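See structure below.
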Amino acid sequence: MNSETPAAAGEERPQSVDLAAEYEASGVGEVLRELDEELIGLEPVKRRIREIAALLLVERARKSMGLSHETPTLHMSFTGNPGTGKTTVAMKMAGLLHRLGYVRKGHLVSVTRDDLVGQYIGHTAPKTKEVLKKAMGGVLFIDEAYYLYRPDNERDYGQEAIEILLQVMENNRDDLVVIMAGYADRMDRFFSANPGFRSRIAHHVEFPDYSDGQLMEISEQMLGEQNYRLDAGAKAALEDYIALRRAQPHFANARSIRNALDRARLRQANRLFTEAKGPLTADDLSTICEEDIRASRVFRGGLDVDRPSHEGEQR
Amino acid sequence: MRITQGCFSFLPDLDDVQITRQVEYCLENGWAIGIEYTGDPHPRNTYWEMWGNPMFDLRDAKGVMMELDGCRTAHGGKYIRINAFCDERGVESVKMSFIVNRPAEEPTIHMQRTDFVDRAQKYAWDVRR
């Protein structure tokens with residue numbers, strides 16, 4: 001069907017295509033708007049997603065008019081520091097590709113090295129294939145993909161998983177989309193050691209760090225979702241907190257902020273418990289005060305109890 | 001002789017597109033798919049050899065079709081069937097089963113009748129190639 005020419009097409013083929021109407025009808029506009037509203041910052045990422053959406057729409061229009069088309073390769077790599085929203089965007093990506101009709105089911109299968117690589121000879125291939133079968137018709141998200149390749153151990157089974165992945169990425173391009181994610185420097189090393197991946201991945205998307213202002217917006221959005229709010233003092237304290245936290249080790253962008261807010265809620269609950277004399281209003285229960293944030297160890301220059309950022313990307 | 005077991009066995013053989021759609025139907029119902037093969041189509045041969053593990057949590061038929069292709073490559077000259085297992089409480093059993101591959105020349109099933117005590121008759125069947 002790929003080789004059909006316009007001349008050979010039947011008369012029911014449309015003569016012109018209204019891309020704007022097509023855009024609205026596919027529901028892509030909705031996904032992109034959602035993306036704009038829910039994700040703060042990440043401009044280069046949004047731009048790239050818009051480009052991909054445009055490409056897929058045009059491909060679809062070409063197909064409907066009987067022009068020759070080739071399924072574009074959509075395997076992607078997401079690189080960026082911890083907590084910059086790689087997993088969140090991957091989730092949205094699955095929905096977007098589904099609406100554009102590029103993947104049939106639009107689910108996201110999120111895996112790490114453990115899910116792909118086996119523990120003994122002959123264990124890896126079935127394990128990897130199992131995961132691939134589950135991901136068919138959707139998006140396979142490989143978090144911290146560079147762990148698949150261990151250059152220090154030449155008998156590592158990761159290589160076997162890589163070979164199977166490469167084969168499926170090539171042969172089943174219209175069945176699944178593979179997204180690999182990880183920290184930029186290590187992904188670069190991974191790609192240079194496995195040139196096959198670099199050439200099979202069409203889209204390398206960089207996730208920039210958030211600015212202080214963006215992190216502030218993110219924290220307000222997070223709290224808003226949980227029906228909490230910051231009072232004026234707390235807002236100023238959080239701004240200071242973000243500036244200080246950034247300079248300290250293991251800073252993980254939005255994830256650090258989420259953890260900080262979780263701990264602030266903890267302190268707020270404790271404060272209400274110990275200090276409250278009378279009945280509390282809903283407003284008391286949902287307000288985070290300055291002292292809830294100022295009590296953080298970050299203000300004393302000490303290392304936070306935050307989890308080491310390299311340990312888990314998973315939300 | 002054409003073996004008629006499971007669904008669709010009185011119809012012409014399903015092609016891959018039709019198999020895919022049947023598998024999609026099974027997956028929509030949340031059934032787990034298993035692929036089995038055998039060289040012995042005797043009706044009493046209930047348990048065929050398993051091709052890999054049953055596939056749980058699949059969302060798309062393509063995964064099953066990949067396994068089916070693998071099984072056909074290895075056992076193209078045998079019977080292959082697809083079983084759909086339903087884990088619903090009170091069912092917990094295969095809900096749908098259909099043959100997706102047959103040998104080019106199918107064996108015949110031969111009936112043997114023997115006399116038994118008190119003029120009773122005993123019947124037995126065996127598969128003959």
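What you see is a predicted model; the values in this text were computed from it and never measured. The analysis underlying the following values was restricted to heavy atoms, covering all of them including side chains, and did not include hydrogens, waters or symmetry mates. Lettering follows sequence order; numbering is per chain, from 1.
- Atom CE of Met136(A) sits about 13.0 Å away from atom CG of Leu27(B), to the nearest 0.5 Å.
- Heavy atoms from other residues, nucleotides or ligands lying under 6.0 Å from CD of Glu106(B) number more than 12.
- Applying the 6.0 Å contact sphere to CD1 of Ile121(A) captures no more than 12 heavy atoms from other residues, nucleotides or ligands.
- Contact annotation for residues 62-76 of chain B against chain A (heavy-atom separation below 4.5 Å, listed by residue number): Lys62(B), Gly63(B), Met66(B), Glu67(B).
- The number of heavy atoms from other shown groups lying within 6.0 Å of CD (Glu105(B)) does not exceed 12.
- One finds the NZ atom of Lys134(A) at 11.5 Å from the CE atom of Met55(B) (value rounded to the nearest 0.5 Å).
- Environment of NZ in Lys92(A): crowded, with over 12 heavy atoms of neighbouring residues, nucleotides or ligands closer than 6.0 Å.
- The distance from the CG atom of Leu58(B) to the NZ atom of Lys105(A) is 9.5 Å, given to the nearest 0.5 Å.
- Other residues, nucleotides and ligands contribute at most 12 non-hydrogen atoms within 6.0 Å of the CZ atom of Arg113(B).
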Donor-acceptor contacts under 3.5 Å from residues 114-121 of chain B side chains, at least two apart:
{"unit_1": "Thr114(B)", "atom_1": "OG1", "unit_2": "Lys122(B)", "atom_2": "O", "d": "3.4"}
{"unit_1": "Asp115(B)", "atom_1": "OD1", "unit_2": "Gln121(B)", "atom_2": "NE2", "d": "2.7"}

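- Between the CG atom of Asp57(B) and the CD atom of Glu130(A) there is a distance of 8.5 Å, given to the nearest 0.5 Å.
- The environment of Arg62(A) atom CZ is dense: over 12 non-hydrogen atoms of other residues, nucleotides or ligands sit within 6.0 angstrom.
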